[in-house]
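Working notes for the structure below.
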Amino acid sequence: MTLLRGDALSEAFDQGSAAYDRLVAASPGYHAHLRRSARRLGLPDGGAGLRVLDLGCGTGASTEALIAAAPLARVTGVDASAGMLERAAAKPRLTHVEFVHAPAEALTGRLAPGSFDAVFAGYLLRNVQDADAVLGLVRRLLVPSGRLAVHEYTLGGSPVDRVVWNAVCSTIIRPAGRLAGDARLYRHLHESVNTFDTAPEFAGRLRKAGFQDVRVLPLPGWQTGITHTFVGRTAREA
């Protein structure tokens with residue numbers, strides 16, 4: 001299939017926003033894994049005085065994970081889907097968060113360089129039209145020694161990882177999407193992982209984009225070898 005991109009993907013997420021939280025909550029470990037990845041940013045002092053960007057915040061699950069990890073940080077959530085953002089802004093725990101409706105690729109000029117101490121990107125990079133351009137933007141938005149954590153479906157090196165992913169999608173994820181009336185979105189979810197970087201490839205992409213101290217960290221449960229946290233930093237001097 002042709003993967004959804006740009007406006008077509010935003011529209012699919014708009015349509016799927018009503019059922020999205022319910023469907024992902026049925027995935028074992030979904031919220032716990034986001035919280036683990038948010039903690040891996042390693043923000044000190046509960047995030048006091050720090051500005052954190054949640055890039056591709058969706059319905060706010062990742063935003064809630066960031067607030068749990070750094071309750072004193074000032075968090076900004078960005079997403080291309082108006083429907084997903086509407087769900088996020090309605091959550092009681094997120095009323096103090098600033099939400100911005102924009103594709104990641106369109107943030108140049110809207111957010112100043114060095115605006116953030118840390119960036120979290122959950123399930124985003126495989127969905128953008130130019131992952132390298134978005135990573136370059138993220139690097140510019142961060143202060144020197146700024147922190148990045150990417151939480152993403154990126155298959156590991158074992159053929160078993162791909163077999164498990166395809167089996168879970170075929171028997172659980174795509175049927176659930178069809179029942180919710182969002183077959184196109186969940187078909188995209190399935191195939192976007194198969195066509196995206198493996199975990200070692202994505203780590204290399206981060207290093208090529210100028211991030212330092214890049215590490216690939218596994219997540220537990222059935223997603224071991226399927227979902228990873230990638231952490232890195234910008235250079236100490238701009």
Roughly how far, to the nearest 0.5 Å, is the [atom2] atom of [Y] from the [atom1] atom of [X]?
X	Y	atom1	atom2	value
R187	I173	CZ	CD1	14.5 Å
D14	D182	CG	CG	11.0 Å
L141	L107	CG	CG	7.0 Å

Using a 3.5 Å distance criterion without hydrogens, assess whether the side chain of [X] forms a donor-acceptor pair with backbone atoms of [Y].
X	Y	answer
H190	C169	no
R126	S192	no
Q15	G181	yes
D79	G58	yes
R207	Q212	no
S81	M84	yes
E201	T198	yes
N127	Y123	yes
S37	L34	no

Treat each ILVMFWY residue as a node, draw an edge where side-chain heavy atoms are under 4.5 Å apart, and state whether [X] and [Y] are in one component.
X	Y	result
L217	L206	no
L155	V214	no
L43	V97	yes
V193	F13	yes
F99	L55	no

TODO: Among R39, R40, H151, R215, find the residue that satisfies the side-chain hydrogen bond (donor to acceptor under 3.5 Å, both in side chains) test when tested with T229.
DONE: R40
What are the two closest non-hydrogen atoms of [X] and [Y], and how far apart are they?
X	Y	answer
A199	V216	CB-CG1, 4.2 Å
V231	A149	CG1-CB, 4.2 Å
L23	A180	CD1-CB, 4.0 Å
A82	H101	N-NE2, 3.6 Å
P218	H228	CA-CD2, 4.1 Å
H31	A61	CE1-CB, 3.7 Å

- [ ] Evaluate side chain to side chain contact (heavy atoms under 4.5 Å, CB included) for F202 paired with L125, printing each intermediate quantity in order.
- [x] CA-CA 10 Å; F202 187 70; L125 272 301; 4.0 Å; yes
Would you indicate whether the side-chain heavy atoms of [Y] and [X] approach each other to under 4.5 Å?
X	Y	answer
R236	S145	yes
L148	R233	no
T227	W222	no
L41	L66	yes
F116	V52	no
H188	R5	yes
V164	Q223	no
L111	L137	no

Open item on the list: One pair to check against ring-ring contact (aromatic ring centres under 6.0 Å, His included): F196 and Y153. What are the steps and the verdict?
Closed with: CA-CA 9 Å; F196 191 57; Y153 291 120; over 10 Å; no
Task: Test side chain to side chain contact (heavy atoms under 4.5 Å, CB included) applied to I226 and L219, step by step - done: CA-CA 8 Å; I226 294 172; L219 289 155; over 6 Å; no
Open item on the list: For V100 and R110: C-alpha separation, side-chain torsions, deciding distance, then whether side chain to side chain contact (heavy atoms under 4.5 Å, CB included) applies.
Closed with: CA-CA 10 Å; V100 176; R110 295 192 62 173; 3.6 Å; yes
Open item on the list: Show me the pairs that pass side chain to side chain donor-acceptor pair (under 3.5 Å) and involve residues 41-67, at least two apart or across chains.
Closed with: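 As it turns out, the side chain to side chain donor-acceptor pair (under 3.5 Å) pairs with a partner in residues 41-67, which skip direct neighbours, are D21-T59, R51-D117, D54-S62, D54-T63, E64-R93.
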Open item on the list: Assess the residue pair D130 and E105 against the criterion (side chain to side chain contact (heavy atoms under 4.5 Å, CB included)); give the C-alpha distance rounded to whole Å, side-chain angles, the decisive distance to 0.1 Å, and a yes or no.
Closed with: CA-CA 8 Å; D130 187 340; E105 299 94 328; 5.6 Å; no
Task: Over 12 non-hydrogen atoms of neighbours within 6.0 angstrom of CZ in R205 - done: yes
Open item on the list: According to side chain to side chain contact (heavy atoms under 4.5 Å, CB included), who are the partners of T234, at least two apart in sequence or on a separate chain?
Closed with: R139, L142, F211
TODO: Give me the one residue out of L53, L124, L85, V119 that meets side chain to side chain contact (heavy atoms under 4.5 Å, CB included) with V78.
DONE: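 Only one of L53, L124, L85, V119 forms a side chain to side chain contact (heavy atoms under 4.5 Å, CB included) with V78, namely L53.
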